[in-house]
S.K.: 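Before I ask anything, here is the structure I am working with.
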Amino acid sequence: MSTQKQLQVSAIENGTVIDHIPAGSLFAVISILGLDKIPNQITFGANLESGKLGKKAIIKVADKFFENDEINKISLVAPHAKLNIIRNYEVAEKKDVEVPDEIIGIVKCFNPKCITNNETVVTRFRVEDKKNIALKCRYCEKITTRQEILMING
Ligand code: CTP
Ligand code: ZN
């Protein structure tokens with residue numbers, strides 16, 4: 001193990017660093033935040049060594065400061081992600097992601113008969129269990145659990 005404190009992805013001057021993303025959730029986070037659709041400079045690292053997670057991913061978005069309800073959506077796939085707000089090369093603030101009370105869009109309802117899977121209706125869930133993630137559909141009342149979560153891409 002190296003004791004060198006060397007950045008695996010270059011530092012940014014201003015913006016948001018999303019750290020401690022599980023390696024397998026990198027592309028889900030990119031999709032949830034719509035990072036594929038914004039003009040900002042984005043750097044990321046995948047499969048980086050992390051004591052806690054084994055392998056982690058990190059995303060650095062220059063000149064972007066997310067609203068809480070925007071960023072909290074990633075808690076579904078990266079519950080232990082840490083946000084670092086960077087101003088003038090310094091870490092100005094650190095935040096944890098929080099599981100929101102309600103999830104609108106992003107996730108598909110697990111019930112194939114649900115209206116949201118058969119008509120153009122945006123999905124809407126109440127988060128019944130924030131620790132293990134249980135999403136109760138507002139339309140069919142069926143529960144979608146963490147293992148059953150499928151993302152709506154687009
Ligand atoms: N970072 C960055 N650009 C900067 C400053 C920090 O990209 N100008 C990144 C670092 O690479 C790191 C994260 O922001 O991934 C947090 O920085 P820091 O708090 O200095 O690192 P750690 O103490 O390792 O963070 P933690 O243990 O809280 O994850
Ligand atoms: Zn449903």
Side-chain angles (χ1 to χ4, degrees), residues 1-26 29-30 33 35 38 40-66 68 71-98 100-129 132-154:
M1 254 233 279
S2 162
T3 50
Q4 259 186 314
K5 175 88 181 164
Q6 200 175 32
L7 291 187
Q8 296 183 93
V9 182
S10 300
I12 59 172
E13 185 172 356
N14 290 293
T16 304
V17 173
I18 310 166
D19 201 354
H20 302 288
I21 301 167
S25 298
L26 171 64
V29 172
I30 289 172
L33 294 176
L35 299 181
I38 61 170
N40 304 53
Q41 190 172 72
I42 301 170
T43 48
F44 65 81
N47 297 324
L48 307 177
E49 291 301 332
S50 159
K52 267 180 271 173
L53 294 169
K55 299 262 188 213
K56 71 165 186 179
I58 188 167
I59 304 175
K60 303 187 178 190
V61 190
D63 303 313
K64 176 94 184 153
F65 303 96
F66 297 91
N68 283 345
I71 199 93
N72 281 339
K73 295 173 184 176
I74 70 167
S75 62
L76 293 176
V77 295
H80 305 296
K82 294 270 180 303
L83 308 173
N84 299 274
I85 313 304
I86 312 294
R87 294 190 199 275
N88 217 349
Y89 286 106
E90 300 283 331
V91 178
E93 198 186 336
K94 280 182 184 278
K95 288 197 259 186
D96 291 320
V97 295
E98 284 172 33
D101 296 328
E102 196 178 33
I103 302 287
I104 300 167
I106 318 172
V107 175
K108 285 187 188 167
C109 179
F110 188 62
N111 172 14
K113 296 208 175 104
C114 180
I115 186 167
T116 61
N117 286 315
N118 295 285
E119 287 177 36
T120 48
V121 176
V122 176
T123 61
R124 228 178 155 114
F125 304 90
R126 172 120 221 111
V127 182
E128 296 254 293
D129 181 342
N132 301 307
I133 304 297
L135 309 176
K136 186 171 190 176
C137 179
R138 208 175 104 163
Y139 296 96
C140 70
E141 303 205 321
K142 292 274 187 291
I143 303 280
T144 300
T145 64
R146 191 198 293 283
Q147 294 73 27
E148 295 162 345
I149 287 178
L150 284 177
M151 297 291 158
I152 300 167
N153 295 306

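Because only heavy atoms are used, hydrogens play no part in the values below, and waters and symmetry mates are left out as well, while side chains stay in. For reference, positions follow the sequence shown, starting with 1. Whatever order the structure lists ligands and atoms in, that order sets their numbers, starting from 1.
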S.K.: So which of Thr16, Ile18, Leu83, Ile12 gets nearest to atom 4 (C) of ligand 1, if we judge by its closest heavy atom?
M.R.: Ile12
S.K.: Using a plain distance cutoff, I'd like to know if Val9 has any nitrogen or oxygen under 3.5 Å from a nitrogen or oxygen of ligand 1.
M.R.: no
S.K.: Please tabulate, for side-chain N and O atoms in residues 113-122, each donor-acceptor pair with protein atoms closer than 3.5 Å (sequence neighbours left out).
M.R.:
residue, atom, partner, partner atom, Å
Asn117, ND2, Cys109, O, 3.0
Asn117, ND2, Asn111, O, 2.7
Asn118, ND2, Pro112, O, 3.0
Asn118, ND2, Cys114, O, 2.8

S.K.: Do Met151 and Val77 have side chains that approach each other closer than 4.5 Å (heavy atoms only, starting at C-beta)?
M.R.: yes
S.K.: With a 4.5 Å cut-off on side-chain heavy atoms, are Tyr139 and Arg124 touching?
M.R.: yes
S.K.: Please determine if Lys64 forms a cation-pi arrangement with Phe66, meaning its NZ or CZ atom is less than 6.0 Å from the six-membered ring centre and no more than 45° off the ring axis.
M.R.: yes
S.K.: Between His20 and ligand 1, which part of the residue brings a heavy atom under 4.0 Å of the ligand: side chain, backbone, both or neither?
M.R.: side chain
S.K.: Just distances here: any N/O of Lys60 and N/O of ligand 1 closer than 3.5 Å?
M.R.: yes
S.K.: Could you pull out the closest heavy-atom pair between Val127 and Pro100, with the gap in Å?
M.R.: CG2-O, 3.0 Å
S.K.: Kindly identify the option in Asn84, Ile85, Asp19 whose heavy atom sits closest to atom 16 (C) of ligand 1.
M.R.: Asn84
S.K.: Of all the heavy atoms in Glu13, does at least one lie under 4.0 Å from an atom in ligand 1?
M.R.: no
S.K.: Please give me the protein atoms (N, O or S only) lying under 2.8 Å from the Zn ion (ligand 2), ordered by chain and number.
M.R.: Cys109 SG, Cys114 SG, Cys137 SG, Cys140 SG
S.K.: For ligand 1, which atoms, with element, lie under 4.0 Å from some heavy atom of Ile86?
M.R.: 1 (N), 4 (C), 5 (C), 6 (C), 8 (N)
S.K.: Any atoms of ligand 1 less than 4.0 Å from a non-hydrogen atom of Ala11? List them with their elements.
M.R.: 2 (C), 3 (N), 4 (C), 7 (O), 8 (N)
S.K.: Within a distance under 4.0 Å of any heavy atom of Ile58, pick out the atoms of ligand 1 and give their elements.
M.R.: 15 (O)
S.K.: Kindly write out the residues that satisfy side-chain hydrogen bond (donor to acceptor under 3.5 Å, both in side chains) with Glu148, not counting sequence neighbours, or none if the list is empty.
M.R.: Thr145
S.K.: Are any of the side-chain heavy atoms of Val17 and Ile59 separated by less than 4.5 Å?
M.R.: no
S.K.: Could you tell me which non-hydrogen atom of Phe125 sits nearest to which non-hydrogen atom of Val107, and how far apart they are?
M.R.: CE1-O, 3.4 Å
S.K.: Applying side-chain contact (heavy atoms from CB on, under 4.5 Å), run through Leu135 and Ile143 and close with a yes or a no.
M.R.: CA-CA 5 Å; Leu135 309 176; Ile143 303 280; over 6 Å; no
S.K.: Could you list the donor-acceptor pairs under 3.5 angstrom formed between side-chain atoms of residues 82-94 and any protein atom two or more places apart in sequence or on another chain?
M.R.:
residue, atom, partner, partner atom, Å
Lys82, NZ, Asp96, OD1, 3.3
Asn84, OD1, Lys94, NZ, 2.8

